[in-house]
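Below is one structure, written out as structure tokens; comments come after it.
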Amino acid sequence: SGPDAVQLRSPVHLQGKDLHTVADFYLREGEEVPFTLTWRHSHLPELKAIDVKHALNRTEKAWGDWTKQCTCTNPFREQVIRSLVTLKALTYSPTGGIVAAPTTSLPEQIGSVRNWDYRYCWLRDATLTLYALLISGYTDEAHAWRDWLLRSCAGSASQVQIMYGIGGERLLPEYEIGWLKGYEGSHPVRVGNAAHTQLQLDVF
């Protein structure tokens with residue numbers, strides 16, 4: 001649709017029914033059937049199918065290697081690593097930007113209109129995340145975020161914003177998606193965040 005396309009692949013026969021994709025299949029204990037959903041720009045050719053087991057093994061190895069770098073030795077190491085994995089998952093690898101959350105429009109209270117879009121990089125929040133990563137031995141993430149920060153905040157100090165997009169975007173216009181009812185009826189559903197225009201002194 002428009003600039004976006006997704007591809008769903010599986011060895012199971014898929015068919016369209018009432019604008020849904022459905023399949024009937026049976027599995028015995030121990031059997032596996034992969035389904036892969038891949039996004040691409042709609043004007044580009046279809047992507048090649050991936051080897052699902054190889055991709056899963058590669059992903060598990062990458063996360064395992066990453067967690068082994070943790071320098072925490074206290075009795076809560078397992079919980080610390082689980083938290084660090086979450087923080088790492090909030091990092092956009094191509095730029096080093098760290099988002100506050102991967103969500104938008106989750107209400108502070110069910111039914112409330114305080115449903116903000118947190119898929120952006122707040123300097124204050126990212127700094128706290130960075131501190132947690134640094135004291136646990138993760139300096140690569142610190143260097144990547146520093147480079148993101150220098151690019152994003154380039155210019156006059158008086159122009160520094162409290163938040164930016166993951167690529168360093170400065171304009172984050174906020175708008176509402178009226179046709180979505182929101183989480184448990186909490187609306188409006190928002191994209192963008194007008195807070196980027198606010199002055200918050202802690203950013204300095």
Side-chain angles (χ1 to χ4, degrees), residues 4 38-39 55-109 112-175 183 186 189-204:
D4 302 298
T38 310
W39 172 89
L56 184 59
N57 290 337
R58 191 177 64 203
T59 300
E60 288 178 347
K61 182 181 184 315
W63 278 109
D65 291 345
W66 188 83
T67 57
K68 286 176 188 170
Q69 298 174 48
C70 180
T71 57
C72 173
T73 57
N74 70 41
F76 301 103
R77 179 179 167 82
E78 185 178 335
Q79 291 87 344
V80 168
I81 286 176
R82 185 64 195 87
S83 296
L84 290 168
V85 165
T86 300
L87 296 177
K88 174 68 170 174
L90 293 172
T91 304
Y92 184 55
S93 175
T95 66
I98 303 172
V99 299
T103 57
T104 184
S105 305
L106 291 181
E108 293 181 11
Q109 182 177 351
S112 165
V113 299
R114 298 177 63 82
N115 319 315
W116 311 117
D117 189 349
Y118 288 112
R119 299 170 299 170
Y120 300 101
C121 309
W122 271 259
L123 301 192
R124 174 191 57 219
D125 300 46
T127 303
L128 297 173
T129 299
L130 202 63
Y131 179 67
L133 289 164
L134 275 172
I135 63 173
S136 303
Y138 292 96
T139 56
D140 288 348
E141 287 71 18
H143 291 140
W145 187 77
R146 179 203 58 201
D147 292 344
W148 170 88
L149 178 68
L150 291 173
R151 291 190 307 270
S152 301
C153 296
S156 168
S158 65
Q159 296 173 321
V160 172
Q161 296 180 184
I162 64 168
M163 60 189 284
Y164 297 87
I166 55 174
E169 299 87 352
R170 294 173 180 234
L171 298 177
L172 311 172
E174 183 178 309
Y175 61 92
Y183 179 75
S186 303
V189 173
R190 292 186 173 93
V191 172
N193 197 309
H196 76 276
T197 63
Q198 294 177 0
L199 172 65
Q200 295 180 8
L201 296 178
D202 61 357
V203 74
F204 296 105

Distance-minimising heavy-atom pair for [X] and [Y]:
{"X": "V80", "Y": "C72", "value": "CG2-SG, 4.0 Å"}
{"X": "S105", "Y": "Y183", "value": "O-CB, 4.3 Å"}
{"X": "T95", "Y": "G167", "value": "CG2-CA, 4.0 Å"}
{"X": "S152", "Y": "Y164", "value": "O-CE2, 3.5 Å"}
{"X": "L84", "Y": "A132", "value": "CD2-O, 3.8 Å"}
{"X": "Q109", "Y": "S186", "value": "O-OG, 4.3 Å"}

**Message:** Does any part of the side chain of W63, heavy atoms only, come nearer than 4.5 Å to the side chain of K88, both counted from C-beta?
**Reply:**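 With C-beta onward as the side chain, the pair touches.
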
**Request:** Could you check if a side-chain atom of L172 sits within less than 4.5 angstrom of a side-chain atom of Y120, using non-hydrogen atoms only?
**Result:** yes

**Fill in**
So the salt bridge (Lys or Arg N to Asp or Glu O under 4.0 Å) pairs with at least one residue in residues 192-204 (sequence neighbours excluded) are R124-D202

Are the side chain of [X] and the backbone N or O of [Y] linked by a donor-acceptor pair below 3.5 Å?
{"X": "Q161", "Y": "M163", "answer": "yes"}
{"X": "S112", "Y": "E108", "answer": "no"}
{"X": "R119", "Y": "I166", "answer": "no"}
{"X": "D117", "Y": "N193", "answer": "no"}
{"X": "W116", "Y": "T104", "answer": "no"}

[X]: what forms a side chain to side chain donor-acceptor pair (under 3.5 Å) with it, not counting sequence neighbours?
{"X": "S156", "value": "S158"}
{"X": "T129", "value": "none"}
{"X": "W66", "value": "E141"}
{"X": "T86", "value": "R82"}

Tell me every residue that passes side chain to side chain contact (heavy atoms under 4.5 Å, CB included) with [X], counting only those two or more places apart in sequence or in another chain.
{"X": "Q198", "answer": "I162, A195, Q200"}
{"X": "Y131", "answer": "I135"}
{"X": "L149", "answer": "L123, W145, C153"}
{"X": "L199", "answer": "L201, F204"}

**Request:** Check salt bridge (charged side-chain N to carboxylate O under 4.0 Å, His left out) between E78 and all other residues, then give those that pass, not counting sequence neighbours.
**Result:** none

**Complete:** Across all chains, not counting sequence neighbours, the salt bridge (charged side-chain N to carboxylate O under 4.0 Å, His left out) partners of E174 are R190

**Item:** Residues in ring pair (Phe, Tyr, Trp, His ring centres under 6.0 Å) contact with W122, at least two apart in sequence or another chain
**Value:**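 Once residues adjacent in sequence are excluded, the partners of W122 under the ring pair (Phe, Tyr, Trp, His ring centres under 6.0 Å) criterion are Y118.
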
**Prompt:** Is the shortest side-chain N to carboxylate O distance from D147 to R151 below 4.0 Å?
**Reply:**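 Judged by the 4.0 Å cut-off on N to carboxylate O distance, D147 and R151 do not form a salt bridge.
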
**Distance (rounded to the nearest 0.5 Å) between L128 CG and L133 CG** =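 That separation rounds to 11.0 Å.
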
**Request:** Could you grab the distance from atom CD of Q69 to atom CG of D140, nearest 0.5 Å is fine?
**Result:**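 Q69 CD to D140 CG: 6.5 Å, rounded to 0.5 Å.
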
